[in-house]
J.: 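Would you mind keeping the following structure in view while I ask a few things?
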Amino acid sequence: MPELPEVEVVRRGLADWAAGRTVTRIDVYHPRAVRRHVAGPVDFARRQTGLRLEPPRRRGKYLWLPLARPDSAEPPADALLAHLGMSGQLLLRSAGEPDEKHLRVRYVFDDDGPELRFADQRTFGHLMVAPLAPAVVGSEPVPEPIAHIAADPMEDAFDVDAFHAALRRRRTELKRALLDQSLISGVGNIYADEALWRARMHGGRLTANLTRPETGRLVAAIRGVMALALDQGGTSFDSLYVNVNGESGYFDRSLEAYGRRDEPCRRCGTPIRRVTFMNRSSYFCPVCQPVPRSRRPRGAHQADAW
DNA sequence: ACTCCCCCCTGTTAGC
DNA sequence: TGCTAACAGGGGGGAG
C-alpha cells in the first residue's frame, strides 16, 4: 500500500530521526530483505558500517539515504536504497523495545539514539546498497538501479508535455500506464483509482487517444489527491502502513472510489463498481467515468473486464 | 522494441 | 467449527 504519499511520510521521518547518524552495526535476519543486494547480506552490512546516513531523498516509491564517510568531504558514492513493497516499515525504536514480529534488518548507531528497523510482513520490500549515478548538471544523483524510473508528479523535473507525448506513443490502457513506473512514478493502485475518479476519466481509455487537456486534468488530479493524502499522513487500512513512529495515516476516510464497491458516488450517487483488472481491484463510477466506446460489450454474452 | 502476465510472500476474511 | 480459497499488491523478469 505505500505509494508516493506514504513513502514521503516515511522519508520525512527519516530526515528527522536517522539523517546525520553513523552506523556501527547492521543485523540482517532474513536474506530476502536484501535479495537485490546481489553481493549478499554480509557485504550489505560491511558497505555501510562506519558510514553516516545523509538526508533521505525520494523518487516515486523509492527512497534512499546517501552514505558519507564521516572523515571525508567527498560526495557519497553509494546510498542505502529502500523500497517498502506491500508491507515494509522503517521504524525508529529504542534498543529496549521488543523486536517486531517481522523484523528483517536492524541498524545500530554510534549515539544513544533509537535503532532503525526494517520490518516487512509480506517481504515484497527490500533494502540494498547501490552506487549513485554521477550527478548531471541541474539534477540530483539517483541510485543506478532506479535510473529507469520516471520522475514523479511532485518533482519539479516532472514534465507534463513529455508525459502526454509518452502516453500518446503507447498502445495500452490508461490505468496500466499510470501504474507503469517508467512513465510516471509513485502512482499505485489506490491513487490511480482516486485520480481517475477526480479527473472523471475511465481507466480503460486508450492512452493513444488522450487529448492534452485530458492529460493536464489527470496530472492535476494525481497531484491534488496526493497532496491531500500527504496532509493526512497517508492511507492506512490496517496497521501495515505506518510512519517511522508506527502511527497510521487517516486518508482512507477521504477515499472517493477505492474500496467503495456499491457505495454511492459522492458526486452523482451512482453505486461505485468494482472490477478485476491486472489481477487487482479497480473501482470507478460508471456514470462520472463512462466506459469508453471501445470497451463496451458488443454482445450480452461477451465477458468484459470493465 | 513494446506489451502483458505470472509470481514472489503472509495474514485476514469470506465462503462452504 | 474448521478447512480452503480468495484477496491485498509492487515490480522484476520472461514470454509473446
Side-chain angles (χ1 to χ4, degrees), chain A residues 1-8 10 29-38 58-64 81-90 100-105 118-128 130 142-150 152 165-196 203-209 222 226 229 234-242 248-249 251-252 255 257-262 274-283 294-295 305-306:
Chain A
M1 275 171 252
E3 301 181 32
L4 188 154
E6 292 76 36
V7 178
E8 176 61 16
V10 173
Y29 300 107
H30 196 311
R32 191 173 151 78
V34 296
R35 65 193 177 282
R36 293 199 59 204
H37 189 92
V38 286
R58 183 190 53 72
R59 168 164 280 187
K61 304 169 196 171
Y62 282 91
L63 59 84
W64 65 94
L81 177 63
H83 194 292
L84 302 178
M86 270 297 297
S87 55
Q89 304 176 336
L90 285 165
E100 289 68 24
K101 182 172 180 190
H102 301 290
L103 177 64
R104 309 301 190 197
V105 182
F118 179 64
D120 190 9
Q121 179 202 101
R122 297 179 201 167
T123 69
F124 283 15
H126 65 268
L127 305 180
M128 69 187 297
V142 168
E144 282 175 6
I146 64 166
H148 66 289
I149 302 278
D152 69 56
L167 287 174
R168 297 273 309 189
R169 278 194 300 269
R170 284 297 181 101
R171 294 294 175 268
T172 191
E173 295 173 3
L174 181 52
K175 183 163 177 185
R176 275 183 195 285
L178 288 178
L179 298 178
D180 183 338
Q181 305 297 299
S182 70
L183 290 174
I184 180 171
S185 67
V187 181
N189 200 40
I190 296 171
Y191 293 104
D193 280 3
E194 291 302 300
L196 288 166
R205 292 276 309 274
L206 296 178
T207 58
N209 297 336
I222 295 168
M226 285 185 167
T235 303
S236 306
F237 299 105
D238 48 38
S239 57
L240 273 191
Y241 163 69
V242 294
S248 294
F251 188 68
D252 56 313
L255 294 173
Y258 188 86
R260 299 195 65 239
R261 174 169 28 185
D262 296 337
R274 175 193 180 274
V275 297
T276 298
F277 174 67
M278 292 174 73
N279 272 339
R280 11 182 92 80
S281 295
S282 287
Y283 300 87
S294 61
R295 288 233 131 249
W306 294 105

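The sequence lines fix the lettering, A, B, ..., with proteins before strands; numbering per chain opens at 1.
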J.: Looking at the side chain of A:Phe124, which of B:dG11, C:dG12, C:dG10 is the nearest nucleotide?
T.: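 Per side-chain heavy atoms of A:Phe124, the pick is C:dG10.
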J.: So, is A:Ser281 close to the C:dC7 phosphate, meaning a side-chain N or O under 4.0 Å from OP1 or OP2?
T.: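 Indeed not, no polar side-chain atom of A:Ser281 lies that close.
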J.: Side chain of A:Arg280 only, heavy atoms from C-beta on: which candidate in C:dG11, C:dG12, C:dA8 is closest?
T.: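 Ranking C:dG11, C:dG12, C:dA8 by closest atom to the A:Arg280 side chain puts C:dG11 first.
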J.: Answer yes or no: does a side-chain N or O of A:Thr172 lie under 4.0 Å from OP1 or OP2 of B:dC4?
T.: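 It does, given that an N or O in the side chain of A:Thr172 lies less than 4.0 Å from OP1 or OP2 of B:dC4.
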J.: Round to a whole Å and report the spacing from NZ of A:Lys175 to P of C:dG11.
T.: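 Rounded to the whole Å, the gap is 14 Å.
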J.: Can a side chain N or O of A:His148 be found less than 4.0 Å away from OP1 or OP2 on C:dG12?
T.: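 Affirmative; the distance criterion is met.
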J.: Would you mind telling me which of A:Lys61, A:Arg58, A:Arg59, A:Gln181 makes a side chain to side chain donor-acceptor pair (under 3.5 Å) with A:Asp152?
T.: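 Of all the options given, the one that passes is A:Arg58.
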J.: Can you tell me if the side-chain N/O atoms of A:Arg170 get under 4.0 Å from OP1 or OP2 in B:dT3?
T.: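 Yes, A:Arg170 has a side-chain N/O under 4.0 Å of OP1/OP2 on B:dT3.
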J.: Going by the angle between their ring planes, with limits at 30° and 60°, are A:His83 and A:His126 parallel, tilted or perpendicular?
T.: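 Plane angle under 30°, so parallel.
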J.: What's the CG-C1' distance between A:Leu183 and B:dT3, to the nearest Å?
T.: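 Result: 12 Å.
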J.: Checking contacts here: which listed nucleotide (B:dT10, C:dA8, B:dC5) is nearest the side-chain heavy atoms of A:Arg176?
T.: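 That would be B:dC5.
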J.: What's the CG-P distance between A:Asp120 and B:dG11, to the nearest Å?
T.: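 Taking CG of A:Asp120 and P of B:dG11, I get 11 Å after rounding.
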J.: Using atom CG of A:Asp180 as one end and atom C1' of B:dC5 as the other, report the distance to the nearest whole Å.
T.: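 Value for this atom pair: 14 Å.
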J.: To the nearest 0.5 Å, what is the distance between CG on A:Leu127 and CZ on A:Phe118?
T.: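 A:Leu127 atom CG to A:Phe118 atom CZ measures 4.5 Å (nearest 0.5 Å).
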J.: As a test of reading the structure: which of C:dC7, C:dG12, B:dG11 is closest to the side chain of A:Tyr62, going by heavy atoms?
T.: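 Among C:dC7, C:dG12, B:dG11, the one nearest the side chain of A:Tyr62 is C:dG12.
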J.: Between A:Arg261 and C:dC7, is there a contact of a side-chain N or O with OP1 or OP2 at under 4.0 Å?
T.: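 No, because none of the side-chain N or O atoms of A:Arg261 sits under 4.0 Å from OP1 or OP2 of C:dC7.
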J.: Search all heavy atoms of A:Arg171 against all heavy atoms of A:Arg168 and return the closest pair with its distance.
T.: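 For A:Arg171 versus A:Arg168, the nearest heavy atoms are NH1-O, 3.0 Å.
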J.: Tell me what A:Arg35 touches on the nucleic acid: a base, only sugar-phosphate, or nothing, going by heavy atoms under 4.0 Å.
T.: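 Nothing, no heavy atom under 4.0 Å.
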J.: Taking atom CZ of A:Arg176 and atom CG of A:Leu206, what is their separation to the nearest 0.5 Å?
T.: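 Nearest 0.5 Å value for the CZ-CG distance: 11.5 Å.
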J.: What integer distance in Å separates A:Lys61:NZ from C:dG10:P?
T.: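 Taking NZ of A:Lys61 and P of C:dG10, I get 5 Å after rounding.
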J.: When the distance from CG of A:Leu206 to P of B:dC2 is rounded to whole Å, what number comes out?
T.: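 It is 18 Å, rounded to the nearest whole Å.
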J.: If only side-chain N and O atoms of A:Lys101 are considered, is one of them under 4.0 Å from the OP1 or OP2 phosphate oxygen of B:dG11?
T.: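 For A:Lys101, the contact criterion (side-chain N or O under 4.0 Å from OP1 or OP2 of B:dG11) is met.
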J.: Are side-chain N/O atoms of A:Thr123 and A:Arg32 paired as donor and acceptor at under 3.5 Å?
T.: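 Present: a donor and an acceptor within the cut-off.
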J.: Just how far, in rounded Å, is P of C:dG11 from CG of A:Leu178?
T.: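 It is 14 Å, rounded to the nearest whole Å.
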J.: Using only side-chain N and O atoms of A:His83, determine if any of them is under 4.0 Å from OP1 or OP2 of C:dG10.
T.: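 Answer no for this pair, as no side-chain N or O of A:His83 is under 4.0 Å from OP1 or OP2.
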J.: What is the separation between atom CG on A:Leu174 and atom P on B:dT3, rounded to the nearest whole Å?
T.: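 Taking CG of A:Leu174 and P of B:dT3, I get 14 Å after rounding.
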J.: With a cut-off of less than 4.0 Å, is there a side-chain N or O of A:Gln121 near OP1 or OP2 of B:dG11?
T.: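 Indeed not, no polar side-chain atom of A:Gln121 lies that close.
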J.: Between B:dT3, C:dG10, B:dC5, which one does the side chain of A:Arg171 approach most closely?
T.: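 Of B:dT3, C:dG10, B:dC5, B:dT3 is nearest to the side chain of A:Arg171.
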